[in-house]
J.: 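Following this message is one structure expressed as structure tokens.
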Number of protein chains: 2
Amino acid sequence: MKTIYEFGPGRAEGDGTWKELLGGKGAGLAEMCRLGLPVPPGFTIPTTVCPRYYASGGKVPADVMAGARKAIARLEKELGRGFGRPERPLLVSVRSGAAVSMPGMMDTVLNLGLSAACVEGLAKLSGNRRFALDARRRFIQMFGDVVAGVDHDAFEDVLAAAKREAGTDLDTGLDEAALERVIAKYLEAYRAHTGQPFPEDPWEQLERSIAAVFGSWESDRAVKYRKIHGITNLGGTAVNVQAMVFGNLGARSGTGVAFTRDPSTGENVFYGEFLMNAQGEDVVAGIRTPEPIADLAKHLPKALTELMRIRTLLERHYRDIQDIEFTIEEEKLYMLQTRRGKRTAAAAVKVAHDLANEGRITREEAVSRVEPTQLDQLLHPSFDPAARRRVIATGRPASPGAVTGKVVFTAEEAEKRAAAGDAVILVRNETSPEDIGGMHAAQGILTATGGMTSHAAVVARGMGKCCVAGAGTVRIDYDAERFTAGDVVVKAGDVISLDGTAGEVLLGAVPTKPAVVTKEFDTLLGWADGIRRLGVRTNADTPRDAEVAYRYGAEGIGLCRTEHMFFDGDRITAVREMILAEAKEARDAALAKLLPMQRQDFVGIFKEMKGKPVTIRLLDPPLHEFLPHEPEQVRTVAESLGLPEGVVRDRARRLHEMNPMLGHRGCRLGITFPEIYEMQVRAIYEAAAAEAKAKRPVRPEVMIPLVGTRKELAILRERLTKVAQEVLAKAKANVPLVFGTMIEVPRAALQAEHVAHEAEFFSFGTNDLTQMTFGYSRDDAGSFLPAYVEQGILPEDPFQSLDQDGVGELIRMAVERGRRTRPGLKVGICGEHGGDPKSIAFCHRAGLDYVSCSPYRVPVARLAAAHAAIAERAAAKAGSTKPAKAKAKARGAKAPAKPKAAKAKAAAKPVAKARR
Amino acid sequence: MKTIYEFGPGRAEGDGTWKELLGGKGAGLAEMCRLGLPVPPGFTIPTTVCPRYYASGGKVPADVMAGARKAIARLEKELGRGFGRPERPLLVSVRSGAAVSMPGMMDTVLNLGLSAACVEGLAKLSGNRRFALDARRRFIQMFGDVVAGVDHDAFEDVLAAAKREAGTDLDTGLDEAALERVIAKYLEAYRAHTGQPFPEDPWEQLERSIAAVFGSWESDRAVKYRKIHGITNLGGTAVNVQAMVFGNLGARSGTGVAFTRDPSTGENVFYGEFLMNAQGEDVVAGIRTPEPIADLAKHLPKALTELMRIRTLLERHYRDIQDIEFTIEEEKLYMLQTRRGKRTAAAAVKVAHDLANEGRITREEAVSRVEPTQLDQLLHPSFDPAARRRVIATGRPASPGAVTGKVVFTAEEAEKRAAAGDAVILVRNETSPEDIGGMHAAQGILTATGGMTSHAAVVARGMGKCCVAGAGTVRIDYDAERFTAGDVVVKAGDVISLDGTAGEVLLGAVPTKPAVVTKEFDTLLGWADGIRRLGVRTNADTPRDAEVAYRYGAEGIGLCRTEHMFFDGDRITAVREMILAEAKEARDAALAKLLPMQRQDFVGIFKEMKGKPVTIRLLDPPLHEFLPHEPEQVRTVAESLGLPEGVVRDRARRLHEMNPMLGHRGCRLGITFPEIYEMQVRAIYEAAAAEAKAKRPVRPEVMIPLVGTRKELAILRERLTKVAQEVLAKAKANVPLVFGTMIEVPRAALQAEHVAHEAEFFSFGTNDLTQMTFGYSRDDAGSFLPAYVEQGILPEDPFQSLDQDGVGELIRMAVERGRRTRPGLKVGICGEHGGDPKSIAFCHRAGLDYVSCSPYRVPVARLAAAHAAIAERAAAKAGSTKPAKAKAKARGAKAPAKPKAAKAKAAAKPVAKARR
């Protein structure tokens, strides 16, 4: 097995597609070398070594180290330097790089090889002794921190003392003598903390650094990051060893990061920042505030010109926005990284749209470039521009959004308060990888230092979380739990708002207004509509929901829950009268009060949907859900109904159920209290008749919940058809009658062949179907589901993403059996899963006609449906001889489909090449 | 379509097998005619006419009446009489007769044709004018009552007055003049009540009587009877019209009913009774006390001899005990009916056994002659039938038995009084898991609410404890410690008795007689064992249960629930300590206390089972079931644990679940609290090791409940195998490790192919599987299930008899898929259905290895399993070319299999014959 993949200008053992093997960074370096870009030479130890490192109990395998020695020897020769040689020493960086980018999660060691003996050689070589001493200091600190586990503060305290002594705030304020003293104290601190002298043998440095990088793969924060991001299919990280170039060699040197387009808006402008006379970590650490990339023209115009050339070349080559790192050493530009640029949803949409319009990619590619889940960001509200805004500080608009929450100052507190149901804003000088959990829990993140590419900014964008970074006037006092911004004092628990698009910090809560959809967004979704096969409907219970969903492109309502209408204002009283009625007459009287209200609900919804189908589910929850249980409420209800308290209490108690989820609800109510469903159907068809007579198109569909047997549906359908026909005959209106059923009880799926005789459509209620197929109560599963996901018993929460193996099998079975009886059977899904892209892909493969999801997820579903269609075409093109169904099943596995396919490809290719 | 089937001595259009078409009575008459027995001639209008009667709105179809006219004409010719002719009038009886006997449920009219004009003719013909007048009186009364709907009392009052006037107590005490007056008053009463004169046209009489018989098929009492007896597959009744013979012609006439053997004991003695000078209804009416059949020798020895000859002939012909009706007219014997004799369970066993031993039937036939459900009666003590019973309330016969005890209203009180040596009856509105201890301590359980599948019913059956559930008129006042049932008040400490077989609550003590298991019973079950393929195990949680089951022939324990052991005495304290422990250490300490107790349980059970397999299910219910909820109980627990009350209350509240059935239970507990299952497995294998070392054979099988994924089982199996191996290694004992799983979550059935990798056996927990497949909570379904059965949505309560279409499909699927992975996979069922004969037949067809049921149902299951095997052979012999599986499926429909097959046969045959 090949363990070393070398690269250098114009040549590389691998290319940009070998991410699985070389990691993202290694593959990017290889590709850039092949493109002839200026890349410092080096080599990559592939990801396949990582498991061997763990299998051997944390040792770098001997064959790997032997390979590294040979590769270093070739580097020495190429560069005319020597590893550990006092004159012309070869220094290298050791960096991690997994197949999927995990920014800041794993370890890096720079300036490796800079042993005591080599400092003067480097001084001479660079003509800058201060630089050499600073590089030595940095190396000791980084190695000590990352490899030897020395407490970070041990070094920081020394440095801070030296700066105090020198009367300076900046590292650059330390002169050679001061740095020599710092180095001496660093070496003492190293020995004090490790009990060992600092290792001056460069081979020991190299081996231990490689080991540390592999070891960081399983560090707590890396594990947590992968968990949060659902990264489950990687075997480990690669290690990149590369000759050092120096951005901190003086005024003609610098370093920076950039995006080929604006990753926040997607605009076609070169976007980035740099620091003169700095090493890469200075930019990321956010200690000094970098300058915008355009200002590079003031310092090193030639380097900027070269960088602009490379920007264009890389974007055309990759046909996508790139995130690059560069270093300028004495005016010479070096490329240290290129990778797919992470971007906001807005940027993703705009870039994909623009690239397609520029002819760089096809429309189908454009559609597949935008992750459906990302759209969520765009569909969320922003602050009402008319609202009063009290801006107390301004920072960089690091990640868009408009959020309000209570101030917290630690990640732990953020997690705790969020778990308790509070919306919180995490306020930090800067964030670090340990803060990931708190960032995830918070509504938004505010940092006092750092820029657009600081840790906080990068992570927040990845999470689609609002972030304002580097708000310089914000001064945090962690101990006192407060911050000041100018003369405003904000304490923990105070409410602030963040405008991540403007980069503003606002005092108090600010009202929001709904998201504004851009032209590009509409265009791209239009392309998606042309690709997808699945219809997209919405779950909407009110005219307002219906209106939003229609605007977002819903092609109908897949689930209109009638019970939500029952809770409104004075209706609940009539509902309670209906429930508490002992005799049918009293119940009928209460229902007669509800009838006009329900009718009005439906009129409103029909109007908004402008003739698109509206699937109305008849009453589903058990009646006791509408009754009061607390003594105080019982009293109120008894009074309002003029009934003795005891009667209300007794009836409520009699209706109590041990397992309401499996109780007297859904069509079971329809069977035992016929008058309730009859009222509802009357309301539906009276509303529809009124619309029809007003010459407005209207398409109601009546949906019966919780059906488990054909007979239930047959009885209800016959009874309700009669009611509807009466209404329509009386109104002399012509509205087609459509009756269908939810499939949410496992038995209904098994019996679909029979049920389909009575149903013109099926709609999978996957919430309940998941509950019953697993035997999990969604209300109670919190006590064990997290442990189940953690222990790998379930790949993820089956209420969030459909269980394709178990619940999915019932769905496939029901579709197949239902259509056996009724070939034209229309089949949809209306559970929460209807808005989950992975579940939507499943629905596509299972041959459903539509998915239905909440209004704000309609665009997500449209895009996800297009992705599913594209994936199917791609699979068909891949020309596999397996029948489509088997393939769908194979793809239906838990891991995301694409990385898997990529893995197989990556695994196959290099081996073949290696054998040549 | 043929509408008239004639019969007479030596000839008949049909035979004894045509029950579906001719009804039981008609078929019996036809068969007797063919045997040459003396049967008055007549004809049968088949059951197929009944739906036509209803379809035409209650009219006898014209073609049927035309046929009847022709048949009557032939009778007139044969008998030399005339219908409605004053001299030598032909009189007929009109009787109902469905395919299944429904004694007393439908209508009969005798002496039809005896119009006013014919009375003197009959007087002359019979030489007995008083008889003729009496027959006329009876006819008017019966026709008026049955056909014209005249209030019964209208006639009875007249008769009573006449008897008072004549100074006699008996009808026979009325002379001719008195009878003439009675007749006149009857006719007046008839006109007064109907507004019409009594119809003297015999054709009108006939047509209206036929109509009345058809009409009685849908009478309230007939409908109710069919519902109670689960008769759902019949289309209607037949009508038998037959020439009258008279047992009331004088001293040389009489009438009687008899069984060819004693239907109560099964002894081979002729058993019956007769009345001299009487019509059939006099015997049934019970006004005069009949004489034992042997005494007929004193009156009409020749007739008795003839009857004895016919007895032997019929029994040999039918090869079964017959229930016959006869009339002797002037010393001439006429047979009016023969049918299969209904018998007690004891008689059924003895008769079947004896007939086989006599060589009349095969052993297989003997086995198939005893209905498995009947055995229940034999296995429980019963009340002495001679004892006086004062029934104060009626409920569902939830668990058989006959017990007497003092009333207690709480489980604690039950335990306390039982410990003090009292026999107690626990009376609750409904029971809950906290009542287990008290239920165990009580002789029997009475609940006011809940049905056959309520908690009380299920647990009681599991315990083999007598239970009457849902006695709706019982109103409990817990505070006053008393209940009322109608106007009876029963206080705590009062004695009541429960008849769990009849569902009756009796005031005071009632003497019982013990269950006697006879030699014949053992022999017959031995024959059944030789026939059946299914194994029969038992559900037993205690050594006592195990011992009973072993005695009844259990071949192992299919379900040993460990949680019931947790409720006993001081264990519940340790259990509560374990649950309330916040840290693992405290939990471990509590578990350490439980370990020796559990070990002792298992030792006891292993001993009783003498090396037969014992399947032990690890803890299943959610932990909160063990915690107290009432304030008083919380206080007690807090004290006994030395914890603040608040802690106990809080923890209990935190453990509360919305839908405990779908909550944190079963293997979910095993995954999240590993130490609980580890303790249990340790206890099992320590017990097994001790037995093995004492050279006693022992076969434990560990069963994991509520598995839904392969991984759950894999994790637990690995963990628990390690524990077991440690124990066995330490004890140096050799006990095989067997791990298996319950299949009770639909997903487990769907995923059986994967789950089988980790399971050496499957056991279907059909209670939970039914709950989840239907989405019915067993605790709550009482609010709609009865309506579902009533409206024909479900053929019966799916918790009582397995839903073969839905749940059954999952079972078939799981068996097939499981064995695909592991061909030798052992598969059983351990839900309540394991003791239900219809469900057992399904299990046989589905290819299961065994069923497991409560100890007292083991003999039932052995017999039912044999029936299933016999049915399969019969189907194979029927030579159908359909593959066995398709047939099984076809037979798996809701209606009982046999009548259906019979129906198909009956429907086919007569048509063929009719065409000849």
Side-chain angles (χ1 to χ4, degrees), chain A residues 622 654-669 671-672 706 708-712 714-715 744-751 754 768-788 791-794 798 803 805-810 813, chain B residues 432 449 455 622 654-666 668-669 671-672 706 708-712 714-715 744-751 754 768-785 787-788 791-794 803 805-810 813:
Chain A
R654 253 187 294 154
L655 286 170
H656 170 78
E657 294 187 311
M658 295 288 288
N659 298 285
M661 192 56 62
L662 307 177
H664 194 176
R665 49 175 287 238
C667 68
R668 299 162 199 171
L669 290 172
I671 294 284
T672 50
L706 219 69
T709 67
R710 173 181 175 176
K711 190 82 183 271
E712 284 168 312
I715 290 174
E744 51 190 337
V745 167
R747 195 177 190 280
L750 295 164
Q751 287 279 297
H754 304 289
D768 272 353
L769 191 59
T770 299
Q771 294 197 92
M772 293 177 201
T773 304
F774 274 99
Y776 293 166
S777 160
R778 209 168 40 163
D779 294 316
D780 305 310
S783 52
F784 60 86
L785 259 194
Y788 266 45
Q791 296 190 33
I793 292 170
L794 298 173
D803 162 45
D805 292 340
V807 178
E809 169 152 17
L810 283 177
M813 200 182 276
Chain B
S432 74
T449 62
H455 179 267
R654 253 186 295 154
L655 287 170
H656 170 79
E657 296 186 311
M658 294 290 289
N659 297 284
M661 192 57 63
L662 307 177
H664 194 177
R665 50 175 287 238
R668 299 163 199 173
L669 290 173
I671 293 284
T672 50
L706 219 68
T709 67
R710 174 181 174 177
K711 189 82 183 273
E712 284 168 311
I715 290 174
E744 50 190 339
V745 166
R747 196 177 190 279
L750 295 165
Q751 287 278 297
H754 304 288
D768 272 352
L769 192 58
T770 299
Q771 294 197 93
M772 294 177 200
T773 305
F774 274 99
Y776 294 166
S777 160
R778 204 166 50 163
D779 293 314
D780 305 310
S783 52
F784 59 85
L785 260 193
Y788 267 45
Q791 297 189 33
I793 293 170
L794 297 174
D803 162 45
D805 293 340
V807 179
E809 169 152 18
L810 282 177
M813 201 182 277

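Note that these values count all heavy atoms, side chains included, but never hydrogens, waters or copies made by symmetry. Lettering follows sequence order; numbering is per chain, from 1.
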J.: Do you know which of B/G666, B/P660, B/G663 has the most heavy-atom pairs with chain A at a distance under 4.5 angstrom?
T.: B/P660

J.: Which one, B/Q751, B/H754, B/R665, leads in non-hydrogen pairs under 4.5 Å with chain A?
T.: B/Q751

J.: Out of curiosity, B/Q791 CD to A/E712 CD, how far, rounded to the nearest 0.5 Å?
T.: 10.0 Å

J.: Would you mind checking which part of A/T773 comes under 4.5 Å of any heavy atom in chain B, side chain (CB onward), backbone (N, CA, C, O), both or neither?
T.: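 For A/T773, backbone and side chain are both near chain B.
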
J.: Between atom CG of B/L655 and atom CG of A/D780, what is the distance when rounded to the nearest 0.5 Å?
T.: 11.0 Å

J.: Hey, could you give me the CG/CG distance between B/L750 and A/L810, rounded to the nearest 0.5 Å?
T.: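 One finds 4.5 Å between CG of B/L750 and CG of A/L810.
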
J.: Please rank A/G708, A/G775, A/A781, A/G806 by heavy-atom pairs under 4.5 Å with chain B and give me the top one.
T.: A/G775

J.: Name the region of A/T709, side chain, backbone, both or neither, that has any atom closer than 4.5 Å to a heavy atom of chain B.
T.: side chain

J.: Hey, are the side chains of B/R747 and A/D803 touching, using non-hydrogen atoms and a 4.5 Å cut-off?
T.: yes

J.: Looking at B/M813, B/H656, B/E657, which one has more heavy-atom pairs under 4.5 Å with chain A than the rest?
T.: B/E657

J.: Within the distance-only criterion (no hydrogens, no angle test), does the side chain of B/D779 pair as donor or acceptor with the backbone N or O of A/M658 below 3.5 angstrom?
T.: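 No, B/D779 side chain to A/M658 backbone: no donor-acceptor pair under 3.5 Å.
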
J.: If you count heavy-atom pairs under 4.5 Å with chain A, which of B/I715, B/L669, B/I671, B/L706 comes out on top?
T.: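 Heavy-atom pairs under 4.5 Å are most numerous for B/I671.
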
J.: Does any heavy atom of chain A fall under 4.5 Å from the side chain of B/T672, the backbone, both, or neither of them?
T.: side chain

J.: What are the two closest non-hydrogen atoms of A/L662 and B/M661, and how far apart are they?
T.: CD1-CG, 4.2 Å

J.: If you count heavy-atom pairs under 4.5 Å between each of A/K711, A/M772, A/H664, A/R668 and chain B, which one has the most?
T.: A/R668

J.: Quick check: closest heavy atoms across B/V745 and A/F774, and the distance to 0.1 Å?
T.: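 Smallest interatomic distance, heavy atoms only, reads CG1-O, 3.2 Å.
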
